[in-house]
*Asks:* 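Before I ask anything, here is the structure I am working with.
Throughout, protein chains are lettered first and strands after them, A, B, ... in sequence-line order, and every chain is numbered starting at 1. The model shown is predicted, which means the values in this text are computed figures rather than measured ones.
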Amino acid sequence: MLLGCGLLAGAAHGLSLESLALNLRAGRISHPLFKLEALELRLEGQGGELSLGRLELFGQQWHKARISCGRLALTGGAFRCEQGQLHLPGQAPVALSLRQEAGEWRLQLRPGPGEQWDIRQQEGGRLRLQVRQGRPRLLRLFLPREHPLATLGLLGRLEGQLDYGPEGLQGQLELKDGGFSSVDGRLAAEGLGLSLSVSGRQAKGSWQLQGRLEWHGGALYREPVLLQGAAQSLDFSGSFAAGAWRLDQAVLNWPRVGVLRGQATGGRNGLQEAELEASGLALEPLGQALLQPLLEARGLPRTTLSGEARVLARWQQDGLAALELEPRGAGLELEGGRLSLTGLEGRLQWDRQQTRLGALRVGRLALGRLESGSFLLPLQLSPRRVALSQGVSIPFLDSELVLDHLQASLGADGQDWEGALGLSIYPVSLEALTRALDLPPMGGLLSANLPAIRYARGEASLEGALVIQVFDGYLNCTDLRLIDPFGTVPRLLADVEARHIDLGQLTQTFSFGQMTGFVDAELKALEISAWRPQAFKARIVSSPGSYPRRISQKAVADITALGGGGAMAAIQSSFLRFFQDFGYRRIGLSCQLENGVCRMGGIEGLDRQGAYAIVEGGGIPALTVIGYNREVHWDELVARLKAAISNSSRPVID
Amino acid sequence: MKKWLMLGLLALSCVVQAQGNLEVNTPAVSSLKASMQGRFAQLEPLFAAGALGLTRDGRVEVRDPAAIPLAQRQSATSLVGAENRDRTALYREIARANGHPEWEADIANTFGGRWIDKARAGWWVQEAGGRWKQK
């Protein structure tokens, strides 16, 4: 303690401090925790000033720091600086007192009301820091202005004690009602309750530290994620020096989520390398806390995770370098049940330098009400692309779908995904399909070869045609597009042609009276949103050819009901009411749906003064059905159709 | 507030007639506008507080998170994400309905400029250089 010696020497010569201005110089004070150099004590009147030419603390250095003392006493081997202030360059002064007596010295900092930072040095170089009601902002005094912590606006109250001695450092600190905020507010915390217990020793210029940090409460925000303190704890050990730090082991215990283990190294420029590994992570709370906010910030749908996973992630200075994911009984479900994957098992590896192979077993894939069986996805993961490494057979109802190819890649902007897949639908029973969709069961088969379904800019489009064999005829869907599938208004667009649909099967399936014959249909510019047709141009006409054409009284009634109050069945003569069915020559009905209103039409060329013919009579007995309402609200039309199917309508026969 | 929003949309429609019909009213456009109108009551106080700003490309950005209470910052970010999802879908749908999907960026910029013109005093808007300016 060179300073102490110098001061005592001055006092022993009986100098009157009240009357003299005196300069005393000392060399340096060196301690494992701090260094003081170029000390100079200037006594003036009852006070004085201690200049610290160079102060080094926790690896930071200050030049020209000073302590001013309102009252300074050097008596009987004791040194007392009262009513003092610590002046660090560029910082507001801090009130203090500094005493040195009988081989001990004590520094008491009083930066604010009720705030106490007491540092006491005892014999043998032991140091004790005691903090009461300490404001963390005091720590900013000892940080360079550009240090990230110095710009965070630290808040809260610190309580605790740190002891340093030959055996090392140890102590406990508690932060109550802590908080901070970056200048832009994208990193911030409020109401933090933290406990830190730490021990360590200094060796070869660095500190070997271990300890435990517990997070009791409060909230931490890192845009866009908000985390709540709920007894998370971090056990750590590592070495820390001025220019570099190394976290040898960190174990984060996150209640409800799991235990994460990691290592990291870093320095003045931030993180250098890090690795994080966790087994048995509970995906639901993890997804809720971390994944959900990230997705929602990008306008993606709410996604619920389930099950568990093992995760291994490696970072380098410039970001995520590798990731391994092993789901165990995991699942993923998009908001509203649009898409769900369950029973996920396997191992996926991603590396930003190279392509890796992996495989994912999917227990079940569900799209709305349609569900698949279990299948294995062999995947090839490249830095910005994921693709199937070979074709995949997916059990579906009584048949299978074959994914011939599938790839998705991240666009150049790093934001939007683009992708394509090729799909073959092997003949699927329409009966099974319609039952799964909770529709009236239909006979027939659905099969398709869809060589390219592309997804880009929020739109999935089908190149080629989807052909569905149904009611002895077929439906041909072209220009099929799914727009904004994950957006507010997902919508399906398509052009559909139907050829040679057997009316007998059709009317039987939908309990729509009984008709014999065949029809062709067109459904152009179909747009469906929220399972509701928004627009189309539809036309149904009798198929060309020679075949029996009969229509039952019930079917006449149902078609009449569709026409609304103005429709009527024009019977050639009233005695025909005794017939169960009638002959017809042709059928024609059209509807152009726009703004919720269907503009109706009938057989081309048979329009008469606003009326239109839906069924043109032919044969004996013959019957013609005329519609009068040109415009029918879509909801009204659907209600009439439902009523007709539920047998509530009755034939109108004159 | 809905009236204000509708007036804004109508004004935009007139301005860009030269390059396309911004007033095109497909069912999807109606649904998207309704979704945005339904959200506006939640966005408005955030615009007024200076937390959000209008960008030149017709989007909304969290300009100053510090103006939002910490507990609400995550939900505000989600709100902005949903708003931008709808805005992107709206511009895309208008371009598609005009038969020119490639117009999407132009339509977004046109909407962006007009939203900025119509922004209330005190709201923050993005200048040509990307800097924020309070109206």
*Asks:* Begin with the C-alpha distance, continue with both residues' side-chain angles, and end with the deciding distance and a verdict on side-chain contact (heavy atoms from CB on, under 4.5 Å) for A:L637 and A:M600.
*Replies:* CA-CA 10 Å; A:L637 193 64; A:M600 310 279 285; 4.2 Å; yes
*Asks:* Is the side chain of B:H100 donor-acceptor paired with the backbone N or O of B:E102 at a distance under 3.5 Å, no angle test?
*Replies:*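 No; zero donor-acceptor contacts below 3.5 Å.
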*Asks:* Under 4.5 Å heavy-atom distance to chain A, tell me which part of B:E104 shows up: side chain, backbone, both or neither.
*Replies:*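 Looking at B:E104, just its side chain touches chain A.
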*Asks:* Taking every heavy-atom pair that is under 4.5 Å apart, which of A:Q228, A:E459, A:E527 has the most such pairs with chain B?
*Replies:*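 The option with the most such pairs is A:E527.
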*Asks:* Relative to chain B, which segment of A:R481 carries a heavy atom at a distance below 4.5 Å: side chain, backbone, both, or neither?
*Replies:*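 Interface part for A:R481: side chain.
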*Asks:* Please state whether the side chain, the backbone, both or neither of A:R491 comes within less than 4.5 Å of a heavy atom of chain B.
*Replies:*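 Only the side chain of A:R491 comes within 4.5 Å of chain B.
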*Asks:* If you define the side chain from C-beta out and look only at heavy atoms, does anything of B:L22 sit under 4.5 Å from B:I107?
*Replies:* yes
*Asks:* With respect to chain B, which residue among A:S181, A:G191, A:A188, A:S529 yields the maximal number of heavy-atom pairs within a distance under 4.5 Å?
*Replies:* A:A188
*Asks:* Once you measure the plane-to-plane angle for B:F111 and B:W115, does it fall in the parallel (<30°), tilted (30-60°) or perpendicular (>60°) bin?
*Replies:* tilted
*Asks:* Please classify the contact between B:R96 and chain A as side chain, backbone, both or neither, with a heavy-atom cut-off of under 4.5 Å.
*Replies:* side chain
*Asks:* Classify the angle between the aromatic ring planes of B:W123 and B:F47 as parallel (below 30°), tilted (30 to 60°) or perpendicular (above 60°).
*Replies:* parallel
*Asks:* Against chain B, label A:D184 side chain, backbone, both or neither, depending on which of its atoms sit under 4.5 Å from a heavy atom there.
*Replies:* backbone
*Asks:* When only pairs under 4.5 Å are counted, which of B:N84, B:T88, B:D86 shares the most heavy-atom pairs with chain A?
*Replies:*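 Of B:N84, B:T88, B:D86, B:D86 has the most heavy-atom pairs under 4.5 Å with chain A.
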*Asks:* Have A:Y221 and B:T77 got a donor and an acceptor in their side chains that come within less than 3.5 Å?
*Replies:* yes
*Asks:* Can you tell which part of B:S31 gets under 4.5 Å to a heavy atom of chain A, answering side chain, backbone, both or neither?
*Replies:* both
*Asks:* Which bit of A:I483 comes within less than 4.5 Å of chain B, counting heavy atoms only: side chain, backbone, both or neither?
*Replies:* side chain
*Asks:* Are B:I94 and B:V29 close enough that some pair of their side-chain heavy atoms sits under 4.5 Å apart?
*Replies:*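 In short, these two side chains touch, coming nearer than 4.5 Å.
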*Asks:* Does any backbone or side-chain atom of B:A82 lie under 4.5 Å from a heavy atom of chain A? Answer side chain, backbone, both or neither.
*Replies:* backbone
*Asks:* For A:L593, is it the side chain, the backbone, both, or neither that has a heavy atom closer than 4.5 Å to a heavy atom of chain B?
*Replies:* neither
*Asks:* A:Q534, A:R457, A:E594, A:Q292: which one forms the most heavy-atom pairs within less than 4.5 Å of chain B?
*Replies:*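 The option with the most such pairs is A:R457.
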*Asks:* Would you find a donor on one side and an acceptor on the other, under 3.5 Å apart, between the side chain of A:K176 and the backbone of A:L194?
*Replies:*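 Not at all, since once roles are kept as given, no pair shorter than 3.5 Å links the two residues.
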*Asks:* Less than 4.5 Å apart, any side-chain heavy atom of B:V62 and any of B:L52?
*Replies:* yes
